[in-house]
Amino acid sequence: MFAGVASRDPSLYFFSSRVQELLFQLNDRQHDLVFKPRKLGQKLEAPQYVFMTDEDLDKERRRIEQRLREKLQVPPVLGPRKPIERVLAKDPRLEGLHDSKLVCIDISPDLSDRKRMITVREPDGTLRTANWNERGRINQIFLPVDGRTVTMPKMFEEPHLTECLDREEYVSVLDRACVQFEPDDPDYIRVTSATYDHVDAARLYERLQSTRHFGALAFYLAWHRRIDNLLLYFIQLEKLNQAVKLIHLYRLLRSAEPVSDQTPPTRQESSQSDGYSSSSDSGSESESSDSDSEGVQLDIIRDYIENASVKRPVLELALQNFQHLSAERRRVEREQRRADGRQ
Amino acid sequence: MLSLKLWVPKLAGASTCFRPGSSCLLSSLKVQQCHHAAGRLTPVLSVLVQKQDKAVLGIQPSRNAGFFTNMSANELWKGVTGVSNAGRKRGRGRGAGVKRRRDLNRGQVIGVGKVNMMWPGLNAPVLRNGELVRQQSQPRDEQRESRLQAIRDQFTDQRSFKLTPLERGWSGNRLPGRSIGPPDAVDFETFEGFDTTVLELKTVFSMTATAGRTRHISCFAVTGNGAGLVGYGLGKGNTGMAAIKQCKRRAGQRLIYVERCDGHTVFHDFFTRFAAVRIFVERRPRGHGLQCHRAIREICHRVGISDLYAKVEGPTDNVQSITKAFFLGLLRQRTHQQLADEKRLHLVELRPEADNYPRLVASPGGAPVRSKEQIPADEELDFQLHIFEGKVPLKMPPKQPFYMKLPCYQTHLNKVKHLKNQEQVRVSLLAEHGEVRSFLADQYPECRAASAALWAEKRQAAEDDQEQDEM
């Protein structure tokens, strides 16, 4: 749970643009998965066709990049909310007037649901603000959100939640949780944590790839210092870029000072906070030649494995395999080029 | 034992005939005389019953000969089932109520009849163990009549056969809509994967100088392999079989290749016409099915198109014209690549269910893509208008029932408003509580309807009580 670890507030780290960019980069962002046809019970129509010039095509591609960012916006990660009940007035003379609680809500449409006034008059005459549970229910009754239910769906309770996760329905559980709960709801945190733990245990990270939940999963694992399985996954798939980004995220979230947006990332700063001799920055790394950046990446990964990893032998073996394969591939390419040259 | 002597009066023109199995008791076979003249009453055979001492006891009349025995089975059946030429022209002698001839010999053995006797040389051996076998009467077979009747009943009824739903055509057991198999192999071409469907089978007449009105059978069929190859053919012949054979052969000889989009539908909507038939064809998404005239549906099955909408206007019964119109339309289709080439622009697909992601399906091949400046101002860039060459199919708004305009309809809607969400409420109550119950059920438990949830609770309560008592 986010509450437990050193009582740090993840929201102080989550909203920084550097962390957000890292979370975006960690995602595969495959267009055909992000924009896959969704079966929402709607009547299908034949597709539309449009003639386009090169300019029109570029414009569409830019629009799609924008849309991609929107679709892959990571659901916010906040710590659990604090109670907000407070007594406004005590009127003992009202006792016995009603046998049930009365609730008042300000239904002005221009108010935020979190800020609008909801008060409760108890049968004993106490007037107090509604607690979070009551707020959620009353808001849903008077200003319903599409897809949300007033009471919590049974699928988020045990044993149904575990059954859903055992059936590997991660994306639907997470999507419904995003609709049903607010991000600081302890139930939301419980459900998402259970899902991420299950994904991590089953190593089924590809289920969440190209969805907005992958960033949240990566943040969760990095926050709880359990990135080894995901790192292994990246190394085995030869995605060294993303392995390095994950390590960078881990370092950022471990730093004592919350990451701020004002200070731009510098090489010294990142090296100090990471404890590296070789520096690397997430998005601004230029890959002059494949083998150079690969060397740098391998150094970073090796550094992490030696200093901070829990599953050191497994990761080392995976890295060795990668290097071996990489060398083989380069040798074969060289020989191929020589053979082609001769021809 | 009585000995019998027959005395038959001799009549002019009479001839002798033999009829076995007569109802008279005979100690030996005697030839009887019968009368051949049609229409006249058969002569009565007088049987003299004599006692052993040759005294005549009396005369017993019996009729043992007649037109049943004079005429052959064919002649008799023709008389019963026959229809005159004039009647046949009117279609009599066909259909459900027609009498069918039955072979009465079925189930019968020569030598065995109503009288169950052993005739040596006929239904018994002449010699058995070196001894001569004598004629012997055997006990009557009571079941014989009913057995014969059962056999005859078997063969009378409908010769019509039942087809399974998958084999069935458009109507009854008739051939239109039914498959007649692939075209016959020719040289090396085995027509593997092909199937032919009959679209029309009719009797046609033509006046000739010599024979006058001549009758032929006409068969129109379409063949295809479900992967784009398809052809239609018309055959005529004196018999149905000849016509079918000819049309199947021709259909297999005249194959065309039809391009399909994504293997399941046409590339775009189109309009096509042949003779008086006009067809508006629309592309449909996967899973929609074939929403069209039954002839077009069969053609689509043969081509391999599984999703389409087509509206036929004009003579919808002229299957040949419809087929030709549809074939023309399929051939005139333009693939995505062809469209991109002729326009020299990229062709991009947008699917609403995929968030309108712009998928590039075709780019111009030879010439470069035109820029905005190179496109004239009056050029049609809209895809639908380009396809229909500037025309637009007229789409009438869907017809609403007459009552929706009346003010009383609003009254009705207001009355039933509270029921609109009833089904959903029931479902969510069942999901949450296991039964349909009101919020007052806790306070007033007696208002809960009999339901599985209620009875489960009662059972549980009873079990708990039992446990309590035991403890």
Side-chain angles (χ1 to χ4, degrees), chain A residues 29-73 99-101 137 140-141 144 146-157 160 176 180 210-212, chain B residues 261-262 264-269 281-288 307-309 334 336 339-340 342-364 368-375 379-387 428 431-434 439 443:
Chain A
R29 309 189 299 279
Q30 288 183 38
H31 284 209
D32 52 353
L33 287 178
V34 178
F35 296 99
K36 78 167 181 223
R38 300 188 66 205
K39 296 172 190 173
L40 300 170
Q42 79 275 42
K43 192 171 190 310
L44 277 184
E45 286 168 7
Q48 306 267 323
Y49 288 91
V50 184
F51 289 112
M52 285 190 184
T53 59
D54 282 333
E55 293 159 4
D56 293 331
L57 207 54
D58 289 335
K59 205 166 108 181
E60 277 297 304
R61 288 199 172 124
R62 282 198 294 274
R63 181 185 74 83
I64 278 301
E65 284 302 319
Q66 183 58 35
R67 186 82 190 110
L68 191 89
R69 286 246 168 205
E70 287 167 19
K71 285 182 88 93
L72 293 181
Q73 184 191 14
D99 56 357
S100 59
K101 290 183 248 189
R137 279 189 288 130
Q140 182 58 20
I141 290 168
D146 204 17
R148 220 178 250 195
T149 57
V150 175
T151 50
M152 185 164 78
K154 286 212 174 104
M155 83 185 248
F156 294 130
E157 294 165 10
H160 306 291
R176 195 167 186 199
Q180 181 65 32
S210 301
T211 69
R212 57 191 171 141
Chain B
C261 183
D262 296 337
H264 76 103
T265 190
V266 290
F267 279 92
H268 50 76
D269 303 351
V281 173
E282 286 177 24
R283 183 192 161 142
R284 283 288 183 269
R286 206 180 279 276
H288 181 91
D307 309 287
L308 193 87
Y309 170 78
R334 284 169 279 179
H336 290 153
L339 285 164
E342 75 187 32
K343 270 290 202 192
R344 280 177 47 213
L345 289 169
H346 297 293
L347 188 63
V348 169
E349 178 188 87
L350 306 168
R351 284 178 189 266
E353 71 270 15
D355 214 357
N356 281 331
Y357 179 80
R359 193 170 79 95
L360 185 65
V361 294
S363 286
V369 182
R370 287 189 291 171
S371 65
K372 205 164 170 187
E373 296 80 36
Q374 291 172 315
I375 301 171
E379 180 165 326
E380 192 53 74
L381 286 176
D382 181 67
F383 186 79
Q384 284 291 98
L385 285 173
H386 176 71
I387 288 298
S428 36
E432 203 170 324
H433 304 292
F439 66 95
Q443 208 178 343

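Values in this document were obtained by computation on a predicted structure and should not be read as measured data. So that the names make sense, note that chain A is the first sequence line, chain B the second, and so on, each numbered from 1.
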Checklist entry - For the residue pair B:H336 and A:Y49, does the interplanar ring angle fall in the parallel (under 30°), tilted (30 to 60°) or perpendicular (over 60°) class? => result tilted

Item to check | Interface moiety of A:E55 toward chain B, non-hydrogen atoms closer than 4.5 Å | outcome: side chain

Item to check | Portion of A:I64 that has a non-hydrogen atom of chain B nearer than 4.5 angstrom | outcome: side chain

Checklist outcome for this item: Per-residue tally against chain B (heavy atom, under 4.5 Å) across A:L40, A:V34, A:D54 peaks at A:D54

Next on the checklist: At a heavy-atom distance under 4.5 Å, which candidate from A:R67, A:K39, A:Q42 has the highest pair count against chain B?
Outcome noted: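 Top count of heavy-atom pairs under 4.5 Å with chain B: A:R67.
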
Item to check | Residues that B:Y309 engages under side-chain hydrogen bond (donor to acceptor under 3.5 Å, both in side chains), provided they are two or more places apart | outcome: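 Residues passing side-chain hydrogen bond (donor to acceptor under 3.5 Å, both in side chains) with B:Y309: none at all.
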
Checklist entry - At a heavy-atom separation under 4.5 Å, does B:E432 approach chain A through its side chain, its backbone, both, or neither? => result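 For B:E432, heavy atoms of backbone and side chain both lie under 4.5 Å from chain A.
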
Next on the checklist: For the CD atom on A:Q73, are there more than 12 heavy atoms of other groups (residues, nucleotides or ligands in this structure) within a distance under 6.0 Å?
Outcome noted: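 No.
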
Checklist entry - Looking at A:E65 and A:R62, does any basic side-chain N land under 4.0 Å from a carboxylate oxygen? => result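 A salt bridge is absent here (no side-chain N lies under 4.0 Å from a carboxylate O).
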
Next on the checklist: As a quick check of understanding, evaluate side-chain contact (heavy atoms from CB on, under 4.5 Å) for B:L347 and B:F383, giving each step before the final call.
Outcome noted: CA-CA 9 Å; B:L347 188 63; B:F383 186 79; 3.8 Å; yes

Item to check | For the student: nearest non-hydrogen atoms of B:N356 and A:R63, plus distance | outcome: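 For B:N356 versus A:R63, the nearest heavy atoms are O-NH2, 3.1 Å.
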
Item to check | B:V361 to B:E349 - nearest heavy-atom pair and separation | outcome: CG1-CB, 3.8 Å

Next on the checklist: Tell me every residue that passes ring-ring contact (aromatic ring centres under 6.0 Å, His included) with A:F156, counting only those two or more places apart in sequence or in another chain.
Outcome noted: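 Checked A:F156 against ring-ring contact (aromatic ring centres under 6.0 Å, His included); matches are A:F181.
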
Checklist entry - Can you name the residues that form a ring-ring contact (aromatic ring centres under 6.0 Å, His included) with B:H386, not counting sequence neighbours? => result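 So B:H386 forms a ring-ring contact (aromatic ring centres under 6.0 Å, His included) with A:F51.
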
Next on the checklist: Please output the residues of residues 146-154 of chain A in contact with chain B, using a heavy-atom cutoff of under 4.5 Å, in numerical order.
Outcome noted: A:T151, A:K154

Item to check | Top of B:R359, B:E353, B:R284 for chain A proximity - count of heavy-atom pairs under 4.5 angstrom | outcome: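 When all of B:R359, B:E353, B:R284 are compared, B:E353 has the most.
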
